[in-house]
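Atom set for the values below is all heavy atoms of this structure, side chains included, hydrogens, waters and symmetry mates excluded. Just so it is clear, the model here is predicted, and its values are computed rather than measured.
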Amino acid sequence: MKKIERKKFIQLSLMSGAALYLAGCGVNSDKKVLKTDLKREALKTDSILPNTIQQTIAPTFILYKKGDAEYEILRRGYNKRIQQFPAAIAQCNTTEEVSQAVKYAIENKWPVSIKSGGHSFEGFSCNNDGLVINLSGMNKVSWDDEETISVGPGCKLSELYDATLPKNKILPAGSCGGVGIGGLTLGGGYGFFSRKYGLTCDSLIELTMVDGKGNIVKSVDQKELLWACKGGGNGNFGVITNMKFKVKDAPSFFQSYRFKIKNVAIERAKEVMEKWFSITAKLPPSCFSAFVLNGKSVYILLTNYDDGVNDLSTFIDDLSAIVDTTSSGIKTPLAKALKVFYGRPNPLNFKNASAGFYKNFEDIRNCIPAVLEKVTQTPGMIYQINTLGGMINDNGLASQSSYAHRDQNYLSELQTYWEGDSRMDTLLKTFEEVQQLLYDNGIKSQYRNYPDILFKDYKNAYYGENYSRLQKVKLQFDPGNIFDYAQGIKI
């Protein structure tokens with residue numbers, strides 16, 4: 001696509017309503033493929049009136065449409081199971097470009113989806129026949145002072161850790177290296193460090209957003225917006241273009257312990273799980289643990305990053321007593337240790353979702369034998385329970401955020417993976433049968449960052465009693481509901 005001079009652009013605008021995207025460089029998340037030789041494309045739409053164009057600076061974001069090689073790359077998410085085809089993809093590198101893109105979507109009457117990392121389990125970061133605003137080029141980390149960083153929403157966790165850990169600072173976040181900080185934070189964000197430092201959103205102190213009219217909004221002037229985006233902001237109110245966080249002192253090491261049982265019987269798996277709940281209820285804040293049932297094997301992970309934990313050996317002994325094998329990792333520098341948990345970088349076929357928040361084992365005692373039977377009889381299915389608690393439960397943090405599950409101590413997730421399509425239908429059917437077992441047992445609160453399109457009453461499941469308050473924020477910043485998706489906040 002060749003460049004068109006400004007004078008010629010005005011002439012074309014007056015004649016046909018085309019808005020030109022001037023030439024320039026772009027950066028996106030798939031750097032190996034796209035690099036910096038991206039082209040600007042002319043936008044063709046009959047909905048832009050000549051007098052509107054004369055009053056508007058020529059847009060500078062990059063637009064890709066069906067047929068472009070870049071479009072095929074950028075429309076894909078991490079989940080290969082979900083294939084969606086937006087009308088266009090706007091790659092934006094500045095807040096101003098995002099504003100232009102939102103206004104362009106309004107003019108074309110397109111719904112807008114927002115993509116930072118593209119890891120949405122149900123593909124909410126893309127759509128069919130709308131506009132996707134791709135933020136992968138907005139991935140910079142800058143230091144405001146020694147304790148404060150400004151981060152673009154497209155920054156991936158691996159990039160974030162690369163920027164902060166060399167300065168012995170950390171933002172408490174997750175462990176999957178390819179996840180974008182934007183989506184993670186807006187839904188809450190938890191990981192190894194949350195029990196001691198709180199959720200990722202708890203470290204968020206300011207943000208910049210482009211609202212549903214294309215206006216640029218600062219949270220310093222909108223305290224309710226900041227509250228809403230701490231747990232309820234995933235694609236609901238606008239496009240977050242910058243986030244400011246307070247960082248913590250990074251631990252000097254990270255150590256993990258792994259416990260395993262092979263070919264476990266259902267009754268033993270249940271007994272081990274119940275004991276795991278009892279043991280982990282007393283974990284110090286610097287420790288994290290996960291119970292993982294992968295087919296017929298039980299794995300337990302225990303991590304720690306604090307030398308001051310005096311009774312860690314007691315927890316190790318207690319867990320070792322209920323499994324067959326125990327392996328201990330050495331104390332490893334944090335930057336190196338985290339890379340072990342970064343996960344696969346390339347897209348794959350899967351269905352993952354939250355399987356409920358729990359306070360303790362009693363919440364699932366009645367249904368867990370049936371759940372365990374389903375999982376152990378289904379190769380490729382994983383049922384995992386992770387420890388929460390600690391600072392996540394802090395009442396002060398709860399009042400400052402819309403994250404609705406502060407009183408819960410555990411979060412479970414259901415996962416299934418496959419190659420090809422031959423087993424997909426069977427796995428998905430079993431997946432929903434397990435979810436139904438939990439729902440029928442009263443497990444109805446769910447984590448927004450692990451969505452399932454089939455959740456009943458997702459509004460209460462994700463947002464609880466905060467939903468009506470979030471609706472008011474939605475009405476203020478997106479009254480035209482341009483940011484609309486299947487499980488979004490409705491007005």
Any donor and acceptor pair, going by atom type alone, linking the side chain of D129 with main-chain N or O of A87 inside 3.5 Å? no
Just checking, any donor-acceptor pair under 3.5 angstrom between side chains of Y462 and Q487? yes
4.5 Å side-chain heavy-atom contact, C126 and P86: yes
Main-chain N/O of I385 paired with S412 side-chain donor or acceptor, under 3.5 Å: no
Answer with yes or no whether the side chains of Y410 and D363 bring together a donor and an acceptor at under 3.5 Å. no
Could you check whether atom NZ of K282 has more than 12 heavy atoms from other residues, nucleotides or ligands sitting under 6.0 Å from it? no
Would you call the rings of Y305 and F193 parallel, tilted or perpendicular if under 30° counts as parallel and over 60° as perpendicular? tilted
Electrostatic pair E433:K429 at N-O distance under 4.0 angstrom: yes
Between Q384 and N386: side-chain donor-acceptor atoms closer than 3.5 Å: yes
Please name the pair of heavy atoms, one in M209 and one in F237, separated by the smallest distance, quoted to 0.1 Å. CE-O, 3.7 Å
Assign the ring pair Y447 / F357 to parallel, tilted or perpendicular, where the plane angle (0 to 90°) is split at 30° and 60°. perpendicular
Look at the side chain of N234 and the backbone N and O of G187, then say whether any donor-acceptor pair between them is shorter than 3.5 Å. yes
Distance-only side-chain donor-acceptor flag, S402 / N466, under 3.5 Å: no
Within 6.0 angstrom of E362 CD, more than 12 heavy atoms from elsewhere: yes
Check: H405 ring centre within less than 6.0 Å of Y403 ring centre: yes
Is it true that E224 and K472 have a side-chain N and a carboxylate O under 4.0 angstrom from each other? no
For atom NZ of K270, is the number of surrounding heavy atoms from other residues, nucleotides or ligands below 6.0 Å larger than 12? yes
Taking it one step at a time, do T387 and F192 satisfy side chain to side chain contact (heavy atoms under 4.5 Å, CB included)? CA-CA 9 Å; T387 54; F192 294 129; over 6 Å; no
Do any N or O atoms from the side chain of N449 and from the backbone of L184 form a donor-acceptor pair under 3.5 angstrom? yes
Please confirm whether the backbone N or O of R76 pairs with a side-chain atom of K115, one donor and one acceptor, at under 3.5 Å? yes
Under 3.5 Å: donor-acceptor pair, side chain of K248, backbone of Y197: no
Under 3.5 Å, is there a donor-acceptor pair linking the side chains of N236 and D478? no
With sequence neighbours left out, what residues match F259 under ring-ring contact (aromatic ring centres under 6.0 Å, His included)? none
How far apart are the closest heavy atoms of D484 and P111, and which atoms are they? O-CB, 4.4 Å
What do you reckon, are the aromatic ring centroids of Y458 and F455 less than 6.0 Å apart? no
Does NZ or CZ of K444 lie under 6.0 Å from the centre of the six-membered ring of Y439, at an angle within 45° of the ring axis? yes
Kindly say whether K490 contributes a backbone atom to a donor-acceptor pair with the side chain of Q471 at under 3.5 angstrom? yes
cation_pi(R469, W227) dist<6.0 Å, angle<=45: yes
Between N409 and N360, is the side chain to side chain donor-acceptor pair (under 3.5 Å) condition met? List the steps. CA-CA 7 Å; N409 298 316; N360 50 50; over 6 Å; no
Any sub-3.5 Å donor-acceptor pair from Q446's side-chain atoms to Y463's backbone N or O? no
Answer yes if the side chains of E70 and Q91 hold a donor-acceptor pair under 3.5 Å, and no otherwise. no
With a 3.5 Å cut-off and no angle check, do the side chains of S125 and S120 form a donor-acceptor pair? no
For the student: nearest non-hydrogen atoms of G214 and S99, plus distance: O-OG, 2.5 Å
Under a 3.5 Å threshold, yes or no: a donor from one side chain and an acceptor from the other, between S327 and Y257? no
Going by atom types only, do Q83 and R75 share a side-chain donor-acceptor pair under 3.5 Å? yes
Is it true that the side chains of Q436 and K456 contain a donor and an acceptor less than 3.5 Å apart? yes
Residue pairs fulfilling salt bridge (charged side-chain N to carboxylate O under 4.0 Å, His left out) with at least one residue in residues 406-416, sequence neighbours excluded: D202-R406, K359-D407
Is any NZ, NE, NH1 or NH2 atom of the basic residue among E122 and R81 found under 4.0 Å from an Asp or Glu carboxylate oxygen of the other? yes
State whether a side-chain donor-acceptor pair under 3.5 Å links S113 with N127. yes
Plane angle bin for F341 and F254 - parallel if under 30°, tilted between 30 and 60°, otherwise perpendicular: perpendicular
Look only at the side chain of N108 and the backbone of A105, and say whether a donor-acceptor pair between them is shorter than 3.5 Å. no
Do the two ring centres, one from F361 and one from W276, sit under 6.0 Å apart? no
Q415 side chain vs I382 backbone, donor-acceptor pair below 3.5 Å: no
